[in-house]
Amino acid sequence: MSSTETLLKTLLRNPYSIKSISQAKQLHAQIIKTNTTHLNLYHESLIGFNAFHPSLPSLALKSIIRCYTSNGLFLQTLTAFVKMWDSGDYPDHNVFPSVLKSCTHLMDLRFGESVHGCVIRVGLDSDLYTGNALMNMYSKLETSGGNGGLSDVACQVFDKMPRLGNVVGNDMCFEVSSDGNMVHFGRNLDRERVAGGSTMGCSMKTSYVSPQSNKQTGFFDRFGGMSNKVSRRNGENGALLMYNVRKVFEMMPKKDLVSWNTVIAGYAQNGFYKEALNMVREMGSASHLQPDSFTLSSVLPIFAEYVDVMKGKEIHGYAIRHGLDTDVYIGSSLIDMYANCTRVEDSCRVFNLLPQPDSVSWNSVIAGCVQNGAFDEGLKLFRQMLMAKIKPVNVSFSSIMPACAHLTTLHLGKQLHGRIIRGGLDDNLFIASSLVDMYARCGNIKTARWIFNDMEQNDIVSWTAMIMGCALHGHANEAISLFGQMEMEGVKPNSVAFLAVLTACSHAKMVEEAWQYFNSMVRDYGISPGLEHYASVADLLARAGKLEEAYGFISRMHIEPAGSVWSTLLASCRVHKNIELAEKVAEKIFSLDPNNTGAYVLLSNTYSAAGRWKEAAKLRTIMRDKGTRKKPACSWIEVNNEVHAFVAGDKSHPCYDKINEVMTILLEVMEREGYVVDTNEVLHDIEEEQKRELLCSHSERLAIAFGIISTPVGSTIRVTKNLRVCVDCHIATKFISKIVGREIIVRDNSRFHHFRDGKCSCGDYW
DNA sequence: ATAGGGTTAG
């Protein structure tokens with residue numbers, strides 16, 4: 001504490017040292033000028049001080065209230081307000097906006113309603129600033145439920161706090177409908193009508209001191225209040241929602257741009273999109289006011305959610321014409337809107353044009369990239385953000401973590417986790433869920449489970465992350481058991497959760513169980529299956545060898561099957577060498593997508609596998625004529641933060657000689673132990689020895705061989721492939737894992753095969 | 001006194 005502050009405190013503690021109002025005013029001015037960290041202390045002192053100088057308190061309290069609010073000391077604001085009210089002094093138009101703002105931040109609707117009562121009583125209900133603050137409060141705190149205004153969660157917080165005294169026998173001012181909702185307010189209502197209801201008023205006899213005065217922030221983040229755009233999107237069912245905002249608005253004799261913007265934002269945030277847009281129009285016609293940056297950044301999220309890029313662009317154009325396109329608020333909304341419309345490049349363009357991107361702009365563009373699958377770009381931007389000295393916040397971590405999860409870069413994820421813990425952010429629901437997902441996807445199920453168990457509440461997202469992690473890594477039984485536990489704990493599965501459990505079934509060849517879940521989803525939960533659910537079941541049937549059944553299932557889908565759904569069946573036709581069906585399926589794919597090169601290759605390989613070289617060659621000719629090229633199968637492994645990628649027959653790696661040496665030795669041992677190269681699947685027009693060589697230089701095997709020579713003995717080898725693992729490689733890797741005594745994890749886009757001691761976690765179900 | 005960004009998807 002500085003010497004000035006000490007002096008001030010001493011003066012305040014010795015009220016007799018102050019002799020006149022003017023001296024007091026000087027002191028007071030000094031308090032406001034001084035650093036406000038210890039405002040709390042000053043306030044306490046001031047209260048004592050007031051007792052000796054009864055003429056002073058109102059003056060001091062009035063300015064200190066504004067001071068508290070502008071420094072985020074919202075509870076102190078309310079305490080001071082109560083003191084002021086108690087002292088019988090009327091607050092003025094400077095006080096109410098601050099007090100109402102504090103109520104809004106503390107999510108205390110009931111206190112706010114009381115304050116509204118005071119506003120009316122004092123006769124300030126026509127004050128512009130006060131009205132605006134009132135509308136803001138109602139639009140943020142009122143929910144559609146009939147519980148008198150507070151959401152369940154908010155009630156829990158609220159009930160723990162000391163309340164104001166009961167309101168009995170005052171001349172206040174709310175009319176209450178039978179369901180407890182306030183439907184009208186006004187002055188001088190008949191006392192009798194108010195008495196029996198659940199009315200709140202403003203006889204503030206008790207003081208308002210919360211035990212939580214040290215922890216004033218955090219409500220919003222923890223309970224997803226107004227900082228969460230999803231949680232308040234409940235406009236469909238809330239007839240009463242926005243009623244009071246509207247009412248205040250209509251009663252305001254003077255409205256300015258802020259008033260309009262507040263109502264528009266209220267409508268937009270509560271899901272009344274049509275009304276919000278109508279108000280923008282009305283604002284122009286009725287008041288000749290032009291939309292400003294506030295208006296636009298309230299409206300843009302509507303088009304983001306509607307995925308209406310044309311309307312979004314209109315706004316963008318308007319912003320440019322009015323020189324508002326470099327505004328960070330509009331910029332962030334535009335970034336989000338474009339990203340939501342899957343136009344990440346446009347998001348980046350907007351971002352790059354911002355002269356001074358702030359934390360939210362950075363987080364918007366990072367989230368935009370990650371949500372559209374541009375993981376590397378997201379990570380790059382995250383690093384740039386750190387270099388720009390922008391401190392990562394909650395949102396930053398939960399936005400970037402999925403990038404680590406999908407790239408399975410465990411070391412990066414762990415680094416971020418470290419930062420999260422050091423920042424004390426690990427109890428955030430979003431962050432914890434994203435961590436569970438990251439660890440689970442990286443195969444670190446134990447750590448995922450540990451974080452999962454440590455969470456205060458497990459919602460559908462964290463459950464699903466857990467289930468999906470188990471499913472992808474072949475722990476089907478654990479996934480299914482988790483799903484059961486989730487249902488038992490009353491967490492209702494959604495379509496993503498069902499997808500996760502179906503994936504688990506699919507990975508373990510559990511056909512019966514899959515049907516059960518598929519049917520239960522429709523029957524018990526009324527969720528209609530999406531493309532992914534169909535794809536998952538079809539994939540399961542096909543891999544299980546029930547090819548005809550899979551064909552029938554896909555044919556009977558009630559939505560158009562995408563090429564990808566047919567493709568998994570085609571891949572299985574190849575594995576099971578069913579040419580007739582493969583031809584039928586390929587036909588379907590070509591009718592949907594004539595240039596699907598993957599299908600040409602698969603069909604051609606199916607012919608090869610069955611020894612029908614002519615047809616295979618014919619297809620390759622067609623492909624060549626069409627000029628289409630399949631993206632080559634590619635595998636990669638990360639060693640020391642460096643990615644080493646391989647394609648089949650790849651001799652370009654600097655360590656190729658070593659790799660080749662290892663593979664030759666391995667092949668010898670493998671064949672001695674019973675491995676037979678399945679040469680059937682390769683082209684017929686090359687020598688047998690060449691076939692062997694070709695097979696033994698699959699991209700997966702090159703990557704594994706490199707892993708063997710470049711990573712510590714005993715450590716896990718992690719390889720990723722951009723296509724499905726092939727059968728021959730699968731068998732070979734089982735041998736390799738046993739011979740070198742290492743765990744090998746091969747990921748083929750969607751599933752992880754854990755090879756250990758000659759076995760694979762998937763039970764040879766490829 | 002008003003506005004923008006986040007977790008699960010074979």
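A:Asn749 comes within contact range of no nucleotide atom at all, as no heavy-atom separation falls under 4.0 Å. Among the atoms of the strands shown, none is found under 4.0 Å from any heavy atom of A:Ser536. Counting non-hydrogen atoms under 4.0 angstrom, A:Ala367 reaches the backbone sugars and phosphates but no base. At the heavy-atom level, A:Val328 lies under 4.0 Å from base atoms of the strands shown. Base engagement by A:Asp256 is indicated by at least one non-hydrogen atom pair under 4.0 Å involving a base atom. Counting non-hydrogen atoms under 4.0 angstrom, A:Val393 reaches a base of the nucleic acid. At the heavy-atom level, A:Ser462 lies nowhere under 4.0 Å from the strands shown. Counting non-hydrogen atoms under 4.0 angstrom, A:Thr130 reaches nothing in the nucleic acid. Using a 4.0 Å heavy-atom cutoff across all strands shown, A:Ser298 reaches sugar-phosphate atoms only and no base atom. Using a 4.0 Å heavy-atom distance criterion, A:Ser364 is classed as a sugar-phosphate-only contact.
Of the candidates B:dG4, B:dT2, B:dT8, the closest approach to any side-chain atom of A:Gln269 belongs to B:dG4. In the set B:dT2, B:dG10, B:dT8, B:dT2 carries the atom at the smallest distance from any side-chain atom of A:Thr262. Among B:dG10, B:dG6, B:dT8, the nucleotide with an atom closest to any side-chain atom of A:Thr503 is B:dG10. Across B:dT7, B:dT2, B:dG6, the shortest atom-to-atom separation from the side chain of A:Val258 is found for B:dT2. Ranking B:dT7, B:dA1, B:dA3 by closeness to the A:Asp459 side chain, first place goes to B:dT7. Residue A:Tyr129 places its side chain closer to B:dA1 than to any other of B:dT7, B:dG6, B:dA1. Side chain of A:His406, nearest nucleotide from B:dG10, B:dA9, B:dA3: B:dA9. Checking B:dG4, B:dA3, B:dT8 against every side-chain atom of A:Pro301, the shortest atom distance belongs to B:dG4. You'll find that the side chain of A:Leu499 is closest to B:dG10, out of B:dA3, B:dG4, B:dG10. In this structure, of B:dA1, B:dG4, B:dT8, it is B:dG4 that holds the atom nearest to the side chain of A:Val360.
Summarising the geometry, the separation between CD1 on A:Ile431 and P on B:dT7 is reported as 11 Å, rounded to the nearest angstrom. The CD1-P distance, from A:Ile460 to B:dT8, rounds to 13 Å in whole Å. Protein atom CZ of A:Phe430 is 6 Å distant from nucleotide atom C1' of B:dG6, rounded to whole Å. Atom-to-atom, CE of A:Met283 to C1' of B:dA3 comes out at 12 Å; the value is rounded to the nearest Å. The nearest whole Å value for the distance from the NE2 atom in A:His116 to the P atom in B:dA1 is 18 Å. Put simply, CD1 on A:Ile366 is 12 Å from P on B:dG6, counting in whole angstrom units. Distance CE (A:Met468) to C1' (B:dT7): 14 Å, rounded to an integer number of Å. When rounded to the nearest whole Å, the span between CG of A:Asn722 and P of B:dG10 equals 16 Å.
In this pair, A:Phe74 and A:His105 present their aromatic rings parallel. The plane angle is below 30°, not in the 30 to 60° band. Using bins of under 30°, 30° to 60° and over 60° for the plane-to-plane angle, the ring pair A:His406/A:Phe375 lands in the parallel bin.
Residues forming a salt bridge (charged side-chain N to carboxylate O under 4.0 Å, His left out) with A:Lys311 (at least two apart in sequence, or on another chain): A:Asp308.
For B:dA3, the base has a donor-acceptor partner in the side chain of A:Ser297 [N/O atoms by modelled type, under 3.5 angstrom]. The base of B:dT8 sits with one of its N or O atoms less than 3.5 Å from a complementary donor or acceptor on the side chain of A:Thr464. Contact of A:Asp358 with B:dG4 (side chain to base): a donor-acceptor pair of N or O atoms is detected under 3.5 Å. In terms of polar N and O atoms assigned as donor or acceptor, the side chain of A:Ser434 never comes within less than 3.5 Å of the base of B:dT7 in a complementary pairing.
Cation-pi check for A:Lys492 over A:Tyr525 is not met; the charged atom does not lie both under 6.0 angstrom from the ring centroid and within 45 degrees of its normal.
One finds no side-chain N or O of A:His533 lying less than 4.0 angstrom from the OP1 or OP2 phosphate oxygen of B:dA9. Look at A:Asn132 and you won't find any side-chain N or O under 4.0 angstrom from OP1 or OP2 of B:dT2. Regarding contacts with the backbone of B:dT7, a side-chain N or O of A:Gln371 is found under 4.0 angstrom from either OP1 or OP2. Look at A:Lys140 and you'll find a side-chain N or O under 4.0 angstrom from OP1 or OP2 of B:dA3.
A donor atom on one side chain and an acceptor atom on the other are not found under 3.5 Å apart for A:Arg543 and A:Ser506. Residues A:Ser333 and A:Asp336 bring no donor and acceptor atom of their side chains to less than 3.5 Å of each other.
Proximity of a side-chain donor or acceptor of A:Asn494 to a complementary backbone N or O of A:Val496 within less than 3.5 Å is detected.
In this structure, the ring of A:Tyr439 has its center no less than 6.0 angstrom from the ring center of A:Phe452.
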